[in-house]
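A short write-up of the structure that comes next.
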Amino acid sequence: RLLRAGADMKLRNVDGETALQIAKEEGHAECVKVLAEAAAAADGRAGAGGASSGAAAAAVDAPLLGQRVVLGGLSSRPELNGQRGVARSFEGGRYAVALEGGGESVRVRPGNLSLAAAEPVSGGAAAAPDEVIAAAERGEEKAVLTWLEGGGRPDATYERGGVSGITLLMSAAMHG
């Protein structure tokens with residue numbers, strides 16, 4: 001239901017993991033099935049069979065796709081080292097990175113990119129209230145849906161144990 005409400009399944013935690021990867025790690029087969037089917041549908045394919053070649057494969061082959069990254073170790077364009085951008089595509093062994101603040105796009109080898117640190121919840125992201133987080137962790141779907149219907153954002157984030165940027169969808173994947 002979080003997916004139907006508009007939760008972005010491409011979001012990653014500070015370890016670079018998506019909800020699908022978390023569900024796989026936790027052994028939640030039903031969550032994996034639902035998320036893989038949603039990935040296939042978002043990729044323009046139907047059925048679970050397509051998920052293995054599209055979005056799910058991209059998560060393994062090009063794990064930085066769609067993520068905020070930091071450029072580093074560039075000898076031919078050292079002025080770009082330390083700049084941030086978003087990895088928009090992956091082709092020919094290189095990411096196309098749209099740089100922040102300039103509109104410029106550069107092609108960079110994976111070894112010259114690192115995942116940008118997650119922004120703190122207070123950095124402008126919508127924060128999920130503690131009671132909704134607790135309800136989500138207990139599997140109380142009704143409480144989460146009531147919050148969403150009242151205007152709550154499906155991609156609201158929270159912090160647990162010093163880790164920020166956790167979404168309700170990631171929590172659902174962790175807790176099955």
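The first residue of the sequence shown is numbered 1, and numbering continues consecutively from there.
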Requested in this report: Go through the steps to decide whether K142 and T146 satisfy the test side chain to side chain contact (heavy atoms under 4.5 Å, CB included), and finish with yes or no.
Outcome: CA-CA 6 Å; K142 185 175 180 177; T146 299; 4.2 Å; yes
May I ask you to test the [X]-[Y] pair for a side-chain heavy-atom distance under 4.5 Å?
X: L71; Y: L113; result: yes
X: Q21; Y: T18; result: yes
X: K24; Y: L35; result: no
X: V34; Y: E30; result: yes

**Report entry** Crowding at CD, E91 (>12 non-hydrogen neighbours, <6.0 Å)
**Finding:**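 Atom CD in E91 is not crowded, with 12 or fewer foreign heavy atoms closer than 6.0 Å.
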Query raised in the report: Is it true that atom CZ of R107 has more than 12 heavy atoms of other residues, nucleotides or ligands lying nearer than 6.0 Å?
Result: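 Enclosed.
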Query raised in the report: Taking all atoms of both residues into account, what is the closest heavy-atom pair of A36 and L20, and its distance?
Result: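 What the structure gives for the nearest pair is N-CD1, 4.0 Å.
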Requested in this report: State plainly whether one hydrophobic cluster holds both V69 and V86, where clusters connect Ile, Leu, Val, Met, Phe, Trp and Tyr through side-chain heavy atoms under 4.5 angstrom apart.
Outcome: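 Hydrophobic grouping puts V69 apart from V86.
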Query raised in the report: Nearest 0.5 Å, what's the CG-CD distance between N81 and Q83?
Result: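 Answer rounded to 0.5 Å: 9.0 Å.
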